[in-house]
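These notes are about the structure you will find just below.
Counting convention: from 1, in listed order, for ligands and their atoms alike.
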Amino acid sequence: MVYKIAVLPGDGIGPEIVSEAVKVLQACAQKFGLTFKFREAPVGGAVIEAAGHPLPEETVALCRKSDAVLLGAIGGPQWDHLPVERRPEAGALLPLRQKLGLFANLRPVILYEALIDASPLKREIVEGTEILVIRELTGGLYFGEKKRQKIPGGEQATDTLVYTTPEIERIGRLAFESASKRRKVLHSVDKANVLESSRLWREVMDRLHDQYPDVELIHMYVDNAAMQLVRQPRQFDVIVTENMFGDILTDQASVLTGSIGMLASASIGGKVALYEPAHGSAPDIAAQNKANPLATILSAALMLRYSFNHEKAAAAIEKAVAQVLDDGYRTPDIMQPGCRMAGTVEIGDRVVEELLAL
Ligand code: NAD
């Protein structure tokens with residue numbers, strides 16, 4: 001079996017972290033007798049000049065005919081002045097998710113033992129944290145109609161927050177299924193005291209709950225969820241929420257893991273799934289060999305698990321990452337006293353070494 005992987009490095013630290021993940025996948029191929037065929041395609045700010053658009057048609061075509069997509073990150077301040085549809089995020093990331101039908105973003109928030117003291121939160125609060133955040137990815141404010149109009153005294157800007165019953169049902173079902181395979185507790189996060197879309201969200205979740213009586217469903221307002229996440233994170237096992245709340249809460253949750261550079265993600269729902277770190281292109285540290293590649297490497301593990309059904313290889317990557325951290329190697333974002341500072345490439349090399357030694 002040959003697995004075709006579309007590789008989209010993108011901007012900023014994207015190319016650096018993606019090459020480390022590819023290196024680890026190649027080591028997996030060697031260890032587990034798998035065959036990967038990598039094909040690279042441009043996406044994001046770097047391709048705007050050449051292609052006139054951050055998401056060239058050929059890139060979409062390559063993703064569609066691949067078995068999975070590995071993405072770095074896109075965007076940067078040099079493209080912030082462009083009209084919104086040509087900016088890397090709005091012009092490439094959102095349409096790519098939509099074109100591939102990726103309505104669910106899974107973000108496992110896992111705190112590695114060795115990083116407990118790297119979190120800015122106290123050990124007794126974060127220890128044992130393991131949460132799966134399921135974020136709706138193709139609806140809500142990010143995809144609703146936007147407009148601007150002149151009004152006396154200035155302008156009026158409008159973003160529309162739309163959710164339909166089928167959109168909520170499909171993400172809800174996925175969340176209940178995931179919860180029933182774990183601790184059987186599902187937190188559905190909304191803002192039903194204020195937003196109509198959240199009231200529909202809550203009604204649909206309640207109706208779906210009848211089909212999953214073994215799962216405890218807890219509704220929580222997003223402001224409370226933000227507070228509870230840092231106050232008592234262990235109360236959560238699976239969280240499901242709409243697009244923007246999920247975007248914000250997962251960045252917050254990344255702090256529980258020590259750094260946003262540790263948070264992997266899988267976007268699923270269509271024929272081809274997409275794997276990318278939860279962070280952005282970090283232009284402030286690009287091309288300095290400082291970026292933490294572990295979120296991208298762990299995203300590659302999710303690819304093996306969800307797209308290629310190869311649990312053994314996925315678990316081996318996760319074990320190798322844990323070992324590298326146990327051995328004290330750290331990029332600057334997770335540096336701790338007594339540990340050894342390592343660059344992006346060295347961390348990738350160490351993971352490969354540990355993986356092959358398992
Ligand atoms: P960011 O996630 O890029 O960076 C936030 C902070 O976290 C920075 O200090 C950065 O140095 C640090 N950081 C991020 N990833 C890291 C890693 N792997 N290792 C070490 N440190 C890391 O978010 P931002 O600064 O808000 O956005 C920068 C650019 O990225 C913007 O253009 C934004 O639009 C884009 N962005 C892209 C994506 C994506 O491609 N999925 C997501 C979010 C933001």
Per-atom contacts of ligand 1 with Pro283, taking only distances under 4.0 Å to non-hydrogen atoms: 28 (C)

Closest approach of Leu94 to Tyr142 (non-hydrogen atoms, all atoms of both residues): CD1-O, 3.8 Å

Greater than 12 external heavy atoms within 6.0 Å of Arg123's CZ: yes

Electrostatic pair Arg97:Glu276 at N-O distance under 4.0 angstrom: yes

Protein heavy-atom partner closest to atom 38 (C) of ligand 1 - residue, atom, separation in Å: Gly280 CA, 3.5 Å

Test item: Tyr3 and Thr35 side chains (from C-beta on) under 4.5 Å apart, heavy atoms: no

Per-residue contact class, Asp284 against ligand 1 - non-hydrogen pairs under 4.0 Å: side chain

Nearest-contact summary for atom 19 (N) of ligand 1 - protein heavy atom, Å: Asn292 N, 2.9 Å

Salt-bridge contact Asp327-Arg340 (side-chain N to carboxylate O under 4.0 Å): no

Identity and distance of the protein heavy atom lying nearest atom 21 (N) of ligand 1: Ile285 CD1, 3.6 Å

Atom 40 (O) of ligand 1 protein-contacted, heavy-atom criterion under 4.0 angstrom: yes

Sub-4.0 Å heavy-atom contact, Thr331 with ligand 1: no

Nearest option to atom 16 (C) of ligand 1, as decided by whichever heavy atom of Ile13, Ile17, Thr296 sits closest: Ile13

Cation-pi check, Arg350 onto Tyr329 ring (under 6.0 Å, within 45° of axis): yes

Note: Lys147-Glu155 ion pair, threshold 4.0 Å (strictly below): no

Residue portion contacting ligand 1 (non-hydrogen atoms closer than 4.0 Å) for Leu71: neither

Protein heavy-atom partner closest to atom 35 (C) of ligand 1 - residue, atom, separation in Å: Ile74 O, 3.2 Å

Candidate list Leu161, Leu141, Asp190, Leu195, test side-chain contact (heavy atoms from CB on, under 4.5 Å), partner Glu242, passing option: Leu161

Ligand-side contact atoms (ligand 1) for residue partner Gly75, heavy atom cut-off under 4.0 Å: 32 (O)

Cation-pi check, Arg135 onto Phe245 ring (under 6.0 Å, within 45° of axis): no

Lys290 and ligand 1 - part of the residue with a heavy-atom distance under 4.0 Å: neither

Asp80 contact mode with ligand 1 (heavy-atom cut-off under 4.0 Å): neither

Chi angles and distances behind the side chain to side chain donor-acceptor pair (under 3.5 Å) call for Asn105, Ser267: CA-CA 4 Å; Asn105 184 233; Ser267 299; 3.0 Å; yes

For Glu276, the ligand 1 atoms whose distance to one of its heavy atoms is below 4.0 Å: 41 (N)

Which residue and heavy atom of the protein sit nearest atom 34 (O) of ligand 1, plus the separation: Glu89 OE1, 2.3 Å

Salt bridge Asp67-Lys4, side-chain N to carboxylate O under 4.0 Å: no

Test: Lys191 and Asp223 ion pair at under 4.0 Å: yes

pair Leu25-Lys23: side-chain heavy atoms closer than 4.5 Å: no

Parallel, tilted or perpendicular: ring planes of Trp201 versus Tyr163, cut at 30 and 60 degrees: perpendicular

Protein contact for atom 6 (C) of ligand 1 (heavy atom, distance under 4.0 Å): no

Test applied, side chain to side chain donor-acceptor pair (under 3.5 Å); reference residue, Asp237; option that passes from Lys184, His187, Arg182: Arg182

Ligand-residue contact atoms, ligand 1 with Leu93, heavy atoms, under 4.0 Å: 39 (C), 40 (O), 41 (N)

Atoms in ligand 1 with a heavy atom of Ile260 nearer than 4.0 Å: 7 (O), 13 (N), 14 (C), 15 (N)

Geometric N/O contact Ala282 with ligand 1, under 3.5 angstrom: yes

Residue and atom name of the nearest protein heavy atom (relative to atom 32 (O) of ligand 1), distance in Å to one decimal: Gly76 N, 2.9 Å

Ligand 1 versus His279: contacting region, heavy-atom distance under 4.0 Å: both

Non-hydrogen protein atom less than 4.0 angstrom from atom 25 (O) of ligand 1: no

Heavy-atom nearest neighbour in the protein, as seen from atom 29 (C) of ligand 1, with distance rounded to 0.1 Å: Ser281 OG, 3.3 Å

Atom indices of ligand 1 within 4.0 angstrom of Ala73 heavy atoms, with elements: 40 (O)

For Gly261, atoms of ligand 1 separated by under 4.0 Å from a heavy atom: 17 (C), 18 (N)

